[in-house]
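The structure under discussion appears below in the form of structure tokens.
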Amino acid sequence: MDIVYSERYQVDIGAHVFQMGKYAAVRDGLVSRGLADAAALIEPDPAAWEDLALVHTAEFLDKTRRGGFRASELALLELPWSPSVAEGFRLMAGGTIAAARRAVQAGAQRSPAAAGPPGAGPALAASANLGGGFHHAFPSHGEGFCLYNDVAVAIRVLQRDGLIARAAVVDADVHQGNGTAFIFDGDPSVFTFSIHQEHNYPHVKPRGSLDVGLPDGTGDREYLRALEDALPAVMASRPDVVIYVAGADPYVEDQLGGLCLTYEGLRGRDHLVLSSARAAGVPVVIVFAGGYARRVEDTAAIHAATIEEAIRLGA
Ligand SMILES: [Zn+2]
């Protein structure tokens, strides 16, 4: 499986609940367990400004580039602005674009129905960016630790380049994917699905194609049932690619989440999403989004398990 990563994803945002050290921790965990080859990791280029402009307004991009955000805008973003912070996020957006191109390529090579493991049907076509998933970013503003909506930018790049017509977003971060839902509102070519904790940020939730808002304290069994019920509608939208926003923050020990998933529940979640895409013959792009466990090791282990599950399914 192609894995995109850069050491430069980790930028200095000061003491913050968003521990950017998780990216390197995931990489190290994957390499030390033989799940990724350090020499084969793909170093991305920063997203081109013209690519970012497929989603974001010129005025916003100018501010991300040169500064000039008002205090109220930075309060909404919940990140400090500096040229290096902005470049780190632009690089991660480039990483999601690179991973998306490679997932579509892998899908083309495997279809129709290239053989996977015996009895398991076709192998999963997938790639991953060990970062990204900034689903709270809107066209004209950033919020909730999200500067550029790399998920939306990658979809628009693939569409512009004629690599896909349709896409689906499976957003399983504990927080609703408000920016993504807003961006694709009224666009029948992109199906946006979010399964999240209802009573949590963002307090205003623009409607996506399918939103499943779960009660506080939802555990593994109820979560997996709700996810399993929803996934057929996602695949019925006949996407050419699925972007899986695999937030680690539904975890029971998360500081910003109020769901109660265990490691096993999160692994079950990954399995449901990835195996349903595999069964539908749709390539998947994995991005990380949130994860704020008290121990950064837990967040990293949850993200690494998503990659491991994709590899187990043949990616
Ligand atoms: Zn989140």
Side-chain angles (χ1 to χ4, degrees), residues 9 13 16-23 25-26 75-79 88-89 92-93 96 128-138 141-152 169-183 192-208 210-220 223 226-227 230 243-263 265-266 269-270 273 285-306:
Y9 285 175
I13 57 172
H16 203 291
V17 69
F18 179 15
Q19 293 183 270
M20 297 195 93
K22 76 175 186 175
Y23 300 128
V26 174
L76 196 59
L77 180 59
E78 298 184 74
L79 286 173
F89 279 86
M92 274 194 274
T96 300
N129 181 19
L130 305 187
F134 297 111
H135 57 165
H136 301 312
F138 284 72
H141 75 270
E143 64 172 77
F145 320 154
C146 299
L147 189 63
Y148 304 119
N149 195 312
D150 57 300
V151 173
V169 179
V170 173
D171 189 333
D173 190 275
V174 80
H175 304 102
Q176 193 244 7
N178 56 343
T180 315
F182 179 88
I183 290 163
T192 55
F193 165 52
S194 179
I195 181 167
H196 49 264
Q197 181 190 3
E198 184 64 23
H199 297 295
N200 199 333
Y201 171 89
H203 298 292
V204 176
K205 298 176 175 64
R207 276 183 61 179
L210 178 59
D211 285 287
V212 175
L214 298 167
D216 298 358
T218 297
D220 290 346
Y223 183 98
L227 179 61
I243 311 243
Y244 178 27
V245 181
D249 48 13
Y251 179 49
V252 61
E253 295 290 332
D254 196 88
Q255 299 175 88
L256 301 185
L259 299 183
C260 292
L261 271 68
T262 64
Y263 269 40
L266 288 159
R269 172 196 73 164
D270 295 336
V273 172
V285 187
I286 296 165
V287 295
F288 282 172
Y292 316 95
R294 274 169 257 282
R295 295 168 5 107
V296 73
E297 297 84 357
D298 283 339
T299 299
I302 292 163
H303 285 315
T306 305

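None of these values were measured; they are calculated from a predicted model. As the structure lists them, so they are numbered: ligands from 1, and atoms in each ligand from 1.
Aromatic ring pairs are classed by plane angle as parallel below 30°, tilted from 30° to 60° and perpendicular above 60°; the pair His141 and Phe138 is parallel.
Asp249 has its closest N, O or S atom to the Zn ion (ligand 1) at the position named OD2. In Asp173, the N, O or S atom that comes nearest to the Zn ion (ligand 1) is OD1. Within His175, the N, O or S atom at minimum distance from the Zn ion (ligand 1) carries the name ND1.
Leu214 contributes atom CG, which lies 7.5 Å from atom NE2 of His196 (distance to the nearest 0.5 angstrom).
Only one option out of Tyr292, Phe134, Phe288 pairs with Phe145 in a ring-ring contact (aromatic ring centres under 6.0 Å, His included); it is Tyr292. Tested against Ile195, the residues Leu227, Val170, Asp171 include a single side chain to side chain contact (heavy atoms under 4.5 Å, CB included) partner, Leu227.
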